Amino acid sequence: CCFPTGVEQRSIGALGVTDRPRLLVLSENFPNTAFPYLGIWAERMTLASRGVAGPRVIAPVPWVPPGAPGRWRTYRRTPRRREIGGVAVHHTRILHPVLHSLHAARARLAWPTLRRAADRLHREQPFDLIHAHFIFPDGVLAVRLGRRYGVPVITTEHAHWPPWMEAFPAVRRQVLAALPGIARLTAVSRATAAGIRQVAGEATRVDLLPNVVDEETFTLRPGGPPAEPGLLLFVGNVRRTKGLDVLVRALALLGGRPDLRLEVAGDHLFPAYRREEQAVRALVAGLGLEAQVSFLGPIPPAEVARRMQRCALVVLPSRRESFGAVLVEALACGTPVVATRCGGPEDIVTEEVGRLVEPVDAEALAGAIDHMLGRLGTFRPVDLRAFALERFGVAAARERLARLYGGVLAAV
């Protein structure tokens, strides 16, 4: 497994702790009414933690005034409190800058209402530990809460720090000031950890805490029609960074396989990305591939799983990825994968389960797809699923979290 659990850390059970630690999970990237699949990986890790902790979640959403336009208005319908799997999720309303140029002000604007919400929960049942997803603004805010309550803070990073922090030096200053208040920094992949060290210093300790696959939704095909040997599936936001344009060009190069089709599951997510989706659609039309490429739009996880179960390959052609959750989901469905060496996929894909190529290389991607289609019969779905669950399943996640939380609490 690429992700050691850390034998130097003691688990909760090894510490003799009979009661699960009371955990506050803090994450703006968490499913809500406006974006039901936003930060779904944070939700999955929170649900996995139930076996070793007692989590409660503050997942802030922007405060939206009456009469706000478009998708912003949907936030007003997000309930202030709901439950997922027995875990209480509090959607605290915070001030959120509309302009991206004010990105560095997010922690300052969110603090007053976030503090009041956390204080109320802490009075009801004091926290033992805070786990924040993303260093900014959540990690920076978590450090302030940790100092306020005298409890340790863990952060899990899902994003590349460079070039983000070079573009926002004020964010970088806030992050570096917060780092001494974080008991344990974790990252979802080795590439993400390397980015943290690039900004914070090579001596910075970063533990690995990969994302968790929803193994109940993403499972083997229960029967029915056989897999479609000429069907490729792309799952993700239709953005340039995801490399869908490269995959479309690779499909054009595979003209000798007229049976090939590509399904695209996902959309532009934010209105600002619409031009990127339009550019891909124009490329499909320009290459004469309209009959081979289907844009499905956003579909729920259960439908994604169903399409993964019946396709030949799931392809992730990204220019950059911090992890690559769709690859693990595909493997859990028993489907092999093709991806690029763009960060996270290197921690997931081996010759046992798929093939890796360099990013932004349509010829190499076409060659890898052709190679994998030629050896589909060598992959056993049950083996692909076992590979995924051993490394990224709920049991593996709980073991990592037990060691992580236990090690931090032992040091208090």
Side-chain angles (χ1 to χ4, degrees), residues 12 17 19-34 38-39 42-43 45-47 49-50 52-65 75-97 102-157 171 174-175 177-186 401 404-405 408-409 411-412:
I12 301 279
V17 177
D19 294 327
R20 296 176 301 164
R22 292 163 298 206
L23 176 69
L24 170 62
V25 175
L26 181 60
S27 180
E28 281 191 23
N29 282 268
F30 209 89
N32 58 63
T33 302
L38 177 71
E43 180 182 276
M45 192 175 292
T46 299
L47 293 175
S49 76
R50 290 174 302 175
V52 297
R56 287 172 290 167
V57 180
I58 296 181
V61 298
W63 174 80
V64 178
Y75 280 120
R76 294 180 61 82
R77 296 198 295 270
T78 298
R80 292 184 177 271
R81 184 189 184 281
R82 63 188 178 93
E83 284 200 4
I84 53 159
V87 177
V89 179
H90 300 267
H91 290 295
T92 303
R93 268 54 174 178
I94 60 171
L95 290 176
H96 189 284
L102 299 176
H103 178 57
R106 288 175 64 189
R108 177 169 55 84
L109 291 173
W111 173 248
T113 51
L114 176 68
R115 182 197 65 224
R116 287 195 293 271
D119 282 354
R120 176 172 49 81
L121 294 179
H122 188 62
R123 284 194 300 269
E124 293 172 0
Q125 190 177 55
F127 307 121
D128 299 311
L129 187 65
I130 300 174
H131 189 164
H133 292 270
F134 279 98
I135 191 67
F136 187 83
D138 307 279
V140 169
L141 292 166
V143 167
R144 295 185 69 176
L145 292 175
R147 289 171 179 157
R148 187 174 179 84
Y149 308 139
V151 300
V153 172
I154 293 169
T155 62
T156 296
E157 189 53 79
V171 170
Q174 293 177 68
V175 167
L179 289 183
I182 298 174
R184 195 65 53 80
L185 229 96
T186 69
L401 290 168
L404 177 63
Y405 295 162
V408 168
L409 291 171
V412 173

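Since we're looking at a predicted model, the values are computed, not measured. Start at 1 with the first residue, then count along the sequence.
- For the pair Pro152 and Val408, the tightest heavy-atom approach, listed with the atom from each and the gap, is CB-CG1, 3.5 Å.
- Arg106 is not listed as a side-chain neighbour of Val171, based on a closest heavy-atom distance of 4.5 Å or more.
- Between the side chain of Arg81 and the backbone N or O of Pro79, no donor-acceptor pair lies under 3.5 Å.
- Of the possible polar contacts, one joining the Arg22 side chain to the Pro126 backbone as a donor-acceptor pair under 3.5 Å is found.
- Contact annotation: the side chain of Phe30 never approaches that of His133 to less than 4.5 Å [non-hydrogen atoms, C-beta and beyond].
- Note that the CG atom of Leu401 and the CG atom of Leu23 stand 8.5 Å from one another [nearest 0.5 Å].
- We find the CZ-CD1 distance between Arg184 and Ile182 to be 12.0 Å, quoted to the nearest 0.5 Å.
- Two residues are said to be in side-chain contact when any heavy atoms from C-beta on lie closer than 4.5 Å; Thr113 and Leu95 fail this criterion.
- For Phe136 and His103, the distance between ring centers is under 6.0 angstrom.
- Atom CZ of Arg108 is surrounded by 12 or fewer heavy atoms from other residues, nucleotides or ligands within 6.0 Å.
- Gly139 and Thr155 make their closest contact through CA-CG2, 3.8 Å (heavy atoms, listed as atom of the first residue, atom of the second, distance).
- Two residues are said to be in side-chain contact when any heavy atoms from C-beta on lie closer than 4.5 Å; Ile94 and Leu109 fail this criterion.
- Here the side chain of Glu28 pairs no donor or acceptor atom with the backbone of Pro137 at under 3.5 angstrom.
- Under the salt bridge (Lys or Arg N to Asp or Glu O under 4.0 Å) criterion, Arg144 pairs with no residue at all, not counting sequence neighbours.
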Begin with the C-alpha distance, continue with both residues' side-chain angles, and end with the deciding distance and a verdict on side chain to side chain donor-acceptor pair (under 3.5 Å) for His131 and Tyr405.
-> CA-CA 9 Å; His131 189 164; Tyr405 295 162; 2.8 Å; yes
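- Residues Leu145 and Trp111 meet the side-chain proximity criterion, which asks for heavy atoms closer than 4.5 Å.
- Atom-to-atom distance recorded for Leu179:CG and Leu185:CG is 6.0 Å, nearest 0.5 angstrom.
- Atoms CD1 and CZ, from Ile130 and Arg148 in turn, are 11.0 Å apart once rounded to the nearest 0.5 Å.
- The salt bridge (Lys or Arg N to Asp or Glu O under 4.0 Å) test applied to Glu157 returns no partner, not counting sequence neighbours.
- Judged by distance alone, the side chain of Arg56 and the main-chain N or O of Leu121 form a donor-acceptor pair under 3.5 Å.
- Of the inter-residue distances, the one linking Ile58 atom CD1 with Leu114 atom CG reads 5.5 Å to the nearest 0.5 angstrom.
- Pairing each heavy atom of Asn29 with each of Ala42, the nearest pair is O-CB, 3.6 Å.
- Using a 4.5 Å heavy-atom cutoff, the side chains of Met45 and Pro55 are not in contact.
- Going from atom CG of Asp128 over to atom CG of Leu409 covers 6.5 Å, rounded to the nearest 0.5 Å.
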After noting the C-alpha distance and the side-chain angles of His122 and Glu124, does the key distance pass the side chain to side chain contact (heavy atoms under 4.5 Å, CB included) rule?
-> CA-CA 5 Å; His122 188 62; Glu124 293 172 0; over 6 Å; no
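- Across all non-hydrogen atoms, the minimal contact from His91 to Ala59 is ND1-O, 3.0 Å.
- In plain terms, the two heavy atoms of Pro31 and Glu43 that are nearest each other are CG-OE1, 3.4 Å.
- Taking every heavy atom of both residues into account, His96 and Pro62 meet most closely at CB-CB, 3.7 Å.
- With contacts defined as side-chain heavy-atom distances shorter than 4.5 Å, the pair Thr78/Arg93 qualifies.
- Looking at Arg50, its side chain never comes within 3.5 Å of a backbone N or O of Val87 through a donor-acceptor pair.
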